[in-house]
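Please read through the structure below; I'll follow up with questions.
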Amino acid sequence: MIFFVRTAFGLILQSTYNQMYGTDFSTDKFKDYFADVSKRMRDHNDQTPTDNIDILIVVNMFLTGFDSKRLSTLYVDKNLQWHGLIQAFSRTNRVEGKQKPFGNIIAYRNIKNKTDEAVALFSDGDSSGFLAPDYDELKDEFTDKIGQLLAVTPDVQSVDDLYNRGDDALYEFVMAFRAVLRVYNRIRVYDDFEWVQYEPEFSDQLMEAFRGKYFTAYQTIYQRKTQERVSILDDVDFDISLLETDTINVDYIVNLISGIDLMSSTERKQDIQKIEHLLDNATNDQLKSKVELLEQFLNEVLPTLDTDDDIGMSLSNFMAESQRAAIKGFSQEHHLSEDFVNEQISDYNFYGKTKDKEIIDKLSANGLGFREKRQAKREIKDFVSTIDRKYSLS
């Protein structure tokens, strides 16, 4: 029987696992295979989906000593109890920033009494910090925070008006929406959660729109800090990791643009509207810097493409040409050669900084005074440090 099981497992290992992941394990290398499975579970990465293990079925394995922050749900079909139950459940409680505040346990056996007994024993009678709150409790809290937000900003457009009313008014919005985000990141993982429960007062679309305004406020305050301006918002913890609940980044948007249907005008229009909506509410810093260029490509270049054109290549060419035009315009405005500006960009990309002496010498040769040189030097450094980030698709 043991020989049969070992042989069957070896055949499965060879025909499935090794082919899927390009490995060469056998039953004689079980420890290596086990270590590889552990590593793939631990290092699960959305950017390398073909290397991941998304669901792992185990029997008496990985229940103790295994640690993976990405592990969020444990499906139980075993009569666990006492420390074994706590250890198994604890495989899911490794937090991962604000995106994963707790783990989920789905039990196919009636182990509630055993769970209550184990929790009571190992939590010293106080389970408040051991188990996540039930959905109704969080729902009431979420509804309350939404109400507080809408009292400050009844709609998305009203956020823009706060900039004219001073930092105290903007501070109220930041505090109110941060509170909404903190509850949302806890409640969104519940099976009971549906946006329809909060409509029409609040919706997924409103959440995304407010998210974009929140990130814009964060960027505005961050830029102000370099201008030596004191504000009530300077010491606010925007907790920006709260925004990172989805992978709406540059790669994601580029893939959407590359997949636009050029054959159907109706499909193309719908695809563009979807992408523009995501761009309008972008919170990823890299993506935010490219929004204007990507929208320009969608509105000006895409309509000129033939049905058999390569959209991805056209986008790359557009970004490269836009970068060359930006360098040319900047060079002319500051009376510098394009070669000099390109050299500074190369130096910055390689060394992580500009060669200040070369810049000062060049500006002096152009006849600039002390104040003019200081201002021009600052503008050159700002341009050089952001040019690649703005125009690169990587």
Side-chain angles (χ1 to χ4, degrees), residues 44-46 54-55 67-76 85-86 88-107 112 115-116 118-120 122-123 126-153 156 159 171-215 217-218 236-249 281-284:
H44 192 288
N45 191 322
D46 293 337
D54 296 320
I55 298 178
D67 183 15
S68 173
K69 291 183 177 181
R70 301 302 300 273
L71 182 60
S72 62
T73 303
L74 179 71
Y75 300 86
V76 180
L85 181 147
I86 298 297
F89 283 15
S90 296
R91 296 313 98 204
T92 70
N93 72 350
R94 304 300 191 267
V95 298
E96 187 185 22
K98 302 297 187 301
Q99 298 85 10
K100 182 195 166 190
F102 43 73
N104 302 311
I105 307 296
I106 298 177
K112 183 182 185 308
T115 301
D116 292 342
V119 170
F122 292 101
S123 65
D126 180 13
S127 62
S128 60
F130 197 96
L131 299 175
D134 62 38
Y135 178 73
D136 288 337
E137 181 181 341
L138 273 183
K139 181 182 178 182
D140 290 342
E141 185 179 355
F142 193 43
T143 301
D144 178 60
K145 299 304 181 185
I146 289 172
Q148 294 178 28
L149 170 65
L150 296 179
V152 176
T153 48
V156 177
V159 179
Y171 176 85
E172 288 188 53
F173 162 70
V174 170
M175 292 295 99
F177 187 67
R178 188 182 70 176
V180 170
L181 276 175
R182 285 178 170 174
V183 182
Y184 170 69
N185 273 20
R186 295 162 61 201
I187 199 172
R188 67 186 179 87
V189 299
Y190 283 72
D191 290 337
D192 294 329
F193 176 75
E194 293 181 355
W195 276 111
V196 69
Q197 299 166 355
Y198 305 92
E199 295 173 349
E201 288 79 10
F202 212 67
S203 65
D204 187 18
Q205 291 74 23
L206 270 178
M207 185 72 174
E208 291 304 311
F210 274 118
R211 192 191 294 266
K213 296 296 183 183
Y214 184 82
F215 188 76
Y218 163 75
V236 170
D237 178 10
F238 277 79
D239 214 350
I240 211 67
S241 63
L242 288 168
L243 298 174
E244 300 171 359
T245 57
D246 301 300
T247 54
I248 309 300
N249 53 22
N281 299 298
T283 56
N284 178 277

Partner set under side-chain hydrogen bond (donor to acceptor under 3.5 Å, both in side chains) for E137, not counting sequence neighbours: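 For E137, no residue satisfies side-chain hydrogen bond (donor to acceptor under 3.5 Å, both in side chains) once neighbours in sequence are set aside.
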- request: Please report the closest heavy-atom contact between D134 and Y190, naming both atoms and the distance.
  value: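 For D134 versus Y190, the nearest heavy atoms are C-CE2, 4.1 Å.
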message: Using 0.5 Å steps for rounding, measure from the CZ atom of F173 to the NZ atom of K213.
response: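 So the gap between those two atoms works out to 9.0 Å.
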message: Ring-plane angle category for F142 and F202, please: parallel below 30°, perpendicular beyond 60°, tilted otherwise.
response: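 Geometry flag for F202 against F142: perpendicular rings.
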query: Excluding sequence neighbours, so at least two apart, what forms side-chain hydrogen bond (donor to acceptor under 3.5 Å, both in side chains) with Y135?
result: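 side-chain hydrogen bond (donor to acceptor under 3.5 Å, both in side chains) check on Y135 returns Q197, Y198.
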message: How long is the straight-line distance from CD of Q148 back to CG of D144, given to the nearest 0.5 Å?
response: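 Interatomic distance, D144 CG to Q148 CD, rounded to 0.5 Å: 4.5 Å.
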message: Between F210 and V180, is the side chain to side chain contact (heavy atoms under 4.5 Å, CB included) condition met? List the steps.
response: CA-CA 10 Å; F210 274 118; V180 170; over 6 Å; no
- prompt: Would a 4.5 Å heavy-atom cut-off, applied to side chains only, mark E201 and T143 as touching?
  reply: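 No, their side chains stay 4.5 Å or more apart.
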- prompt: About how many Å separate CG of L149 and CG of L206, when rounded to the nearest 0.5 Å?
  reply: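 Interatomic distance, L206 CG to L149 CG, rounded to 0.5 Å: 9.0 Å.
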message: Applying side chain to side chain contact (heavy atoms under 4.5 Å, CB included) to F177 and Y184, what does each step give before you reach the verdict?
response: CA-CA 10 Å; F177 187 67; Y184 170 69; over 6 Å; no
task: Of all the heavy-atom pairs spanning Y214 and V174, show the shortest one and how long it is.
output: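 Here Y214 and V174 meet closest at CE1-O, 3.6 Å.
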- prompt: If you measure from CZ on R211 to CG on L181, what distance do you get to the nearest 0.5 Å?
  reply: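 Between atom CZ of R211 and atom CG of L181 there are 6.0 Å.
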- prompt: Between L138 and V183, what is the shortest heavy-atom contact and its length?
  reply: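 Minimum heavy-atom contact is O-CG1, 4.1 Å.
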With K145 via side-chain hydrogen bond (donor to acceptor under 3.5 Å, both in side chains) - residues at least two apart: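 For K145 there are no side-chain hydrogen bond (donor to acceptor under 3.5 Å, both in side chains) partners, ignoring immediate neighbours.
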- prompt: Out of curiosity, F193 CZ to R186 CZ, how far, rounded to the nearest 0.5 Å?
  reply: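 Reported to 0.5 Å precision, the distance equals 13.0 Å.
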message: Return the CZ to CD distance between R182 and E141, rounded to the nearest 0.5 Å.
response: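 Reported value, rounded in 0.5 Å steps: 11.5 Å.
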